[in-house]
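Worth knowing before you read on, the calculation uses all heavy atoms, side chains too, and leaves out hydrogens, waters and symmetry mates. Predicted model only: the values in this text are computed from it and were never measured. One-based numbering, in listed order, for ligands and for the atoms of each. Throughout, numbering of the chain's residues begins at 1 and tracks the sequence.
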Amino acid sequence: MPPQLRRSEKSLRTTDSPITAYVQKALENPALVSFAAGLVDEDTFPAADVAAVVAEIMADPRASRAALQYGSTQGDPKLRKLVLDHVCAADGVSPAELSLTPADVCITTGSQQLLYILGEVLFDPGDIVIAEAPSYFVYHSLLQSHGARVLTVPMDEDGMRTDALEALLEDLKRSGDLGRVKLIYTVDYFQNPTGLTLSAGRRPKLVELAKRYSTDHRILVLEDAAYRELRYEGPDLPSVKRSDPTNEYVVYTSTFSKPCAPGLKTGYAIMPPDVMAAVLHLKGSHDFGSGNLAQHVAARLMESGAYARHVAKLQAMYRAKRDVMLAALEKEFADVPAASWTVPVGGLYVWLTLDGVDTGPRGPLVAAALDAGVMYVPGEFGHVTDASGDLPRSHCRMCFGTASPDMIREGVARFRRAVGAVLPRETRRLAAAR
Ligand SMILES: Cc1ncc(COP(=O)(O)O)c(C=O)c1O
């Protein structure tokens, strides 16, 4: 046996994402209906469009040399301009109105890389991030790795409650901890995991609060807009970034993974110049540039209009799947008053609450669901324990992205059987505990 590995503090703090085992189970057992993994539907991948643009690139010696060579750390200038114009068009403004040029855009290896590197830029162990409760659990793991503390703000139908955010910032000011607050994190469109969206009215408020409490250093807002383009009804809402006309407070990040193909692993971020400089220094050490071929492919998909057509197709397809899941829940859970769920207007997730049922990984429902042939993500993964050590344990994240409409119906029926098997027992357990 060789001597024991002596790992860094950071490595010891870093654990596998809790969902990895769930994704693995689903891949190993195709008979299982998986509402667990937040994967996108493989049948939607734009293979023909990608084949066409790759062929175009490779047939042109100049284009192929550019695409197969190293790129820059910041990313392909053409793609940076395209995504900036794309985001500003969605916000109904010109880049100049938000003090932005392509120099304020960075192309990243998925938006996940930006989340990680921005963490490296900002956090020393003990620093504070304020996030929605619940929030994107992979981000929690990443913060744990950086040694950052997560404080949470509850959500309602309008997303993060800005009144509660203000109260928390005020408390932190009073306790002398405001100096440790570096970032406010929001997944503001069809949030992973709840499907909830930050309302138009609360968006400017978020920036106003970040500014107001930036007394001895700047508190940034990280707007994770990964699902923005997967909207199934109603008009798009202006980004939080739209309320930062001087490009000082908000880092906006999004991705080609959800609205196009995760295999491109290409994301982008728009950020203030001093944040950009610090991000690029670290990104240079990580990779001195994300995969260049994928960037050239993404740029051509955007330029040719194939991207926009693809997004429109995805919206129609996921809207139909969402409707199937919501209708199946209505049908199967009509007689279960303990059950309620969100009605998302976009994204990939329904957040289901089962009052009085322990949905956690060690609770009875996970095992019953697996027996019935269906899987969900325990909602507690999206939560952090509060000051009293409590963790909300009666939610499930149900992803309608991957299963076919028939399998969604079947999966919800199986899930109903699993809930039926544990509900009486759980109700009795609760009654005894009272
Ligand atoms: C909220 C959120 N942000 C970021 C990501 C990262 O995606 P990617 O790195 O593929 O762009 C995901 C992926 O599931 C996500 O759900």
Point to revise | Residues E170 and Y213: side-chain donor-acceptor under 3.5 angstrom | key: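 A pair is found: one side chain offers a donor N or O, the other an acceptor, under 3.5 Å apart.
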Check your understanding: Does one side chain, of E132 or T186, offer a donor that lies under 3.5 Å from an acceptor on the other?
Key -> yes
For [X], counting its heavy atoms only, list the atoms of ligand 1 lying under 4.0 Å from any of them.
| X | answer |
| --- | --- |
| N192 | 16 (O) |
| T255 | 8 (P), 11 (O) |
| Y227 | 1 (C), 14 (O), 15 (C), 16 (O) |

Check your understanding: Who gets closest to atom 1 (C) of ligand 1 by heavy atom: T253, T109, D224, L348?
Key -> D224
Review point. Taking atom 8 (P) of ligand 1 as the point of reference, which of Q191, K265, K258 owns the nearest heavy atom?
Key: K265
Got the closest protein heavy atom to [atom], with its distance?
| atom | answer |
| --- | --- |
| atom 6 (C) of ligand 1 | S111 OG, 3.4 Å |
| atom 5 (C) of ligand 1 | Y136 OH, 3.4 Å |
| atom 10 (O) of ligand 1 | S257 OG, 2.6 Å |

Once you measure the plane-to-plane angle for [X] and [Y], does it fall in the parallel (<30°), tilted (30-60°) or perpendicular (>60°) bin?
| X | Y | answer |
| --- | --- | --- |
| Y318 | F400 | perpendicular |
| Y116 | H146 | tilted |
| H395 | W351 | parallel |

**Study point:** Geometric N/O contact Y185 with ligand 1, under 3.5 angstrom
**Key:** no
Review point. Do NZ/NE/NH1/NH2 and the carboxylate oxygens of E233 and R322 come within less than 4.0 Å?
Key: yes
Check your understanding: Would you call R409 and D406 a salt bridge, taking side-chain N to carboxylate O under 4.0 Å as the test?
Key ->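 Salt bridge flag = yes for D406 with R409.
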